[in-house]
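The structure appears right after this line, and notes come after that.
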Amino acid sequence: MAQKVRVRFAPSPTGPLHIGGVRTALFNYLFAKKHGGDFILRIEDTDQGRYVPGAEQYIVQAMNWLGVAFDESPSKPANVGPYRQSERKEIYKQYADSLIASGHAYYAFDTPEALDRERKSCEENSKTFIYNWHNRETLDNSISLPLEQTQAKLRAETPYVIRFKTPKDEVLNLQDVIRGTVKIDTSVLDDKVLFKSDGMPTYHLANIVDDHLMDISHVIRGEEWLPSLALHVLLYRSLGWQAPIFAHLPLIMKPTGKGKLSKRDGDKMGFPVFPLQWKTPEGEVFSGYREDGYLPEGVLNMLAFLGWNPGTEQELFSLEQLIADFSLERVNKAGAKFDPDKTKWFQQQYFQQLDLKVLTTAFSALLDQKGVQTTLNLEAIISLIKERAVFTADLWEQGHFFFERPEAYDQKAVKKAFKEDTPTILLNVCEILNQQTTFEGETISKEIKDWLSSEEMGFGKVMMPLRLSLVGAMQGPDVFEIAAVLGKQETILRIQNAISFINKTA
């Protein structure tokens with residue numbers, strides 16, 4: 001690649017950033033960093049009617065949370081700014097005028113009412129209205145009108161748009177890194193509006209001009225922009241510019257595989273589709289990966305596998321590994337099915353890798369939220385229960401009994417574990433525990449097991465009632481380790497409570 005790699009992520013600030021957009025940003029970032037290039041954020045806010053306050057900040061916060069840094073952006077400008085299209089609007093008119101001067105575009109004065117009549121007329125004849133070569137010479141534009149009449153309309157400030165004059169009967173062989181050669185017959189294309197009567201460019205013109213002026217070498221974007229590829233290549237050609245290399249990423253599909261993943265699917269199916277929580281002005285709240293407890297490393301790893309395959313069995317990749325291994329040639333054409341369970345799997349893998357001190361800080365904060373005060377060894381508790389946890393909240397679910405003395409016992413477990421002779425057995429256990437000077441799991445285990453052996457007593461006669469006494473249910477890690485964390489006094493107290501319960505219900 002002789003030209004320096006420069007890619008851009010160019011979202012519209014019309015709401016929260018969908019994970020499909022995050023995936024597009026990630027692939028651009030990986031490609032840029034793989035080739036020592038630049039990753040640019042450009043805000044495409046020409047459609048002021050759909051602008052949502054806070055959306056731009058949301059985009060930046062989301063990418064910061066994920067650790068995907070921009071080299072250039074509105075807050076980190078270089079020499080090709082501004083980086084918001086609304087601040088670049090003075091730039092575009094000259095290029096629209098240039099296209100008119102070269103005969104590649106024209107003024108169209110058609111009123112909305114006139115175009116509606118054309119559409120209805122076509123519908124009545126079972127046809128689809130399309131504004132292009134087959135009717136542009138009969139409509140109200142600078143192609144059909146004499147020059148003097150066109151100039152008179154312009155002097156009179158008659159509302160107009162500038163349309164691209166799509167060539168007729170040309171077959172374009174367009175190249176896409178992911179999809180190969182895409183053939184398009186220009187005769188089926190419409191004459192898209194490039195410049196609107198409000199003095200703002202449409203996406204198509206602004207996009208091309210900005211990519212050229214910002215020296216964008218590769219345009220990596222979603223599949224939904226594939227139908228615009230022909231127009232964009234024609235615009236580059238008409239302006240006398242070298243087109244960038246294009247790559248269109250596959251859609252992210254619903255978990256069923258049918259249809260594109262939408263922002264509503266997450267709330268319907270119980271998973272986030274946004275990186276961060278989003279609150280609408282009306283008060284509606286959409287969940288976010290960050291607020292739901294996901295780790296950014298897991299989210300990035302999951303997104304990388306939506307459409308890309310490393311060609312190996314490896315599934316866990318750090319950001320540095322993704323940069324090293326990523327290539328557009330290994331991106332699939334077919335839509336990538338979103339899998340909420342696989343997303344949780346990635347989360348669990350990274351959760352298990354977290355440093356114990358980090359987990360302890362997070363768990364301590366959770367206990368504070370619940371109003372739980374404790375002197376127990378949190379690191380010891382987390383070490384015992386984290387294997388089954390996916391999120392910090394799961395640590396409470398897996399280990400709440402450490403902080404809450406059982407006030408009731410699981411009824412099914414009671415029938416199996418608490419027998420007539422259980423109080424006597426548990427009293428003996430209390431006596432053994434009381435004699436221990438070193439109250440550690442391994443020591444307690446040995447003493448109890450030695451006693452069981454000497455009494456020729458079945459293991460279950462002690463283990464089940466002991467667990468039920470300490471936990472309140474038949475769950476949790478090694479029962480002797482639970483006792484060691486609780487300490488001698490609390491362990492014996494819980495056993496005595498269980499003995500009282502059995503005697504009362506006998």
Side-chain angles (χ1 to χ4, degrees), residues 46-47 49 89 91-174 182-212 224-243 246:
T46 53
D47 191 345
K89 59 184 178 182
I91 296 172
Y92 306 115
K93 182 67 164 62
Q94 61 180 302
Y95 295 102
D97 291 342
S98 169
L99 288 167
I100 284 179
S102 63
H104 291 108
Y106 58 94
Y107 297 105
F109 303 99
D110 315 270
T111 63
E113 295 77 17
L115 291 175
D116 275 342
R117 286 195 297 272
E118 291 290 336
R119 286 191 191 92
K120 284 176 184 172
S121 174
C122 286
E123 285 170 10
E124 287 168 6
N125 293 291
S126 301
K127 294 178 181 176
T128 301
F129 173 72
I130 181 168
Y131 200 130
N132 68 0
W133 60 270
H134 82 278
N135 60 4
R136 61 191 172 210
E137 294 184 6
T138 62
L139 295 170
D140 191 8
N141 56 57
S142 58
I143 292 175
S144 63
L145 297 172
L147 179 60
E148 300 78 19
Q149 203 168 335
T150 296
Q151 291 173 338
K153 281 180 176 278
L154 291 174
R155 283 194 300 272
E157 297 185 352
T158 304
Y160 69 84
V161 296
I162 296 175
R163 288 182 179 270
F164 183 67
K165 186 179 179 183
T166 310
K168 180 187 174 186
D169 295 332
E170 182 181 347
V171 175
L172 299 174
N173 289 299
L174 310 173
V182 180
K183 289 192 174 186
I184 298 290
D185 181 350
T186 60
S187 294
V188 303
L189 302 175
D190 59 336
D191 289 0
K192 290 286 187 196
V193 174
L194 301 180
F195 208 82
K196 296 176 285 187
S197 54
D198 62 1
M200 289 294 279
T202 61
Y203 167 83
H204 301 292
L205 179 64
N207 178 274
I208 296 308
V209 170
D210 287 344
D211 281 349
H212 174 72
E224 61 270 24
W225 293 111
L226 197 55
S228 301
L229 179 59
L231 171 62
H232 293 176
V233 170
L234 287 170
L235 278 170
Y236 274 104
R237 188 176 80 181
S238 301
L239 288 163
W241 298 337
Q242 174 71 41
F246 288 93

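We count residues from 1, following the sequence as given.
Asp190 places no side-chain N or O within 3.5 Å of a backbone atom of Lys192 that could act as its donor or acceptor partner. Remark: the backbone N or O of Leu139 is paired with a side-chain donor or acceptor of Ser144 at under 3.5 angstrom. Side-chain atoms of Ser197 do not come within 3.5 Å of backbone N or O of Pro159 as any donor-acceptor pair. Although no hydrogens or angles enter the test, the distance criterion places a donor-acceptor pair under 3.5 Å between the side chain of Thr202 and the main chain of Val193.
The list of salt bridge (Lys or Arg N to Asp or Glu O under 4.0 Å) pairs with a residue in residues 126-142, not counting sequence neighbours, reads Arg136-Asp191, Asp140-Lys153.
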Legend entry - Leu229 and Phe246: CA distance, side-chain angles, deciding distance, side-chain contact (heavy atoms from CB on, under 4.5 Å) verdict: CA-CA 8 Å; Leu229 179 59; Phe246 288 93; 3.5 Å; yes

Inset, instruction - Walk me through it: do Leu235 and Phe164 pass the test side-chain contact (heavy atoms from CB on, under 4.5 Å)? - result: CA-CA 8 Å; Leu235 278 170; Phe164 183 67; 3.7 Å; yes

Inset, instruction - Under the side-chain contact (heavy atoms from CB on, under 4.5 Å) rule, what do Leu189 and Leu234 come out as? Steps first, then yes or no, please. - result: CA-CA 11 Å; Leu189 302 175; Leu234 287 170; 4.3 Å; yes

Legend entry - Stepwise salt bridge (charged side-chain N to carboxylate O under 4.0 Å, His left out) check, Glu170 with Lys183: CA-CA 10 Å; Glu170 182 181 347; Lys183 289 192 174 186; over 6 Å; no

Legend entry - Derivation and outcome, side chain to side chain donor-acceptor pair (under 3.5 Å), residues Tyr160 and Asp110: CA-CA 7 Å; Tyr160 69 84; Asp110 315 270; over 6 Å; no

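Side-chain N/O atoms of His212 and Asp210 include no donor and acceptor closer than 3.5 Å. There is no side-chain donor-acceptor pair under 3.5 Å between Thr166 and Asn132. Side chains of Ser102 and His104: a donor on one and an acceptor on the other come within 3.5 Å.
Residue Phe109 comes nearest to Ser142 through the heavy atom pair CE1-N, 4.4 Å, listed as atom of the first residue, atom of the second, then distance. Counting all heavy atoms, side chain and backbone alike, Ala230 lies closest to Ile184 at CB-CG2, 3.9 Å. Between Pro201 and Tyr92, the closest heavy-atom pair is CG-CD1, 3.2 Å. Listed here is the closest heavy atom pair of His134 and Ile130: CE1-O, 3.1 Å.
None of Asn141, Ile143, Leu145, Leu154 except one satisfies the side chain to side chain contact (heavy atoms under 4.5 Å, CB included) rule with Tyr107; the exception is Leu154.
In this structure, Thr186 and Asp169 have side chains that are not in contact, with every pair of non-hydrogen atoms separated by 4.5 Å or more. Annotation: side chain of Trp241 is in contact with side chain of Val209 (closest heavy-atom distance under 4.5 Å). Residues Leu99 and Leu205 meet the side-chain proximity criterion, which asks for heavy atoms closer than 4.5 Å. Between His204 and His232, the closest side-chain pair of non-hydrogen atoms falls below 4.5 Å. A 4.5 Å side-chain heavy-atom check between Ile208 and Leu239 finds at least one atom pair inside the cut-off.
In this structure, the separation between CD on Gln242 and OH on Tyr236 is 10.0 Å, given to the nearest 0.5 Å.
The number of heavy-atom neighbours closer than 6.0 Å to CD of Gln94, taken from other residues, nucleotides and ligands shown, is above 12.
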Sequence neighbours excluded and cut-off under 3.5 Å, please list the side-chain donor-acceptor pairs for residues 115-125, or say none.
{"residue": "Asp116", "atom": "OD1", "partner": "Arg119", "partner atom": "NH1", "Å": "3.2"}
{"residue": "Asn125", "atom": "ND2", "partner": "Ser121", "partner atom": "O", "Å": "2.8"}

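Lys93 meets the salt bridge (Lys or Arg N to Asp or Glu O under 4.0 Å) test with Asp97; sequence neighbours excluded.
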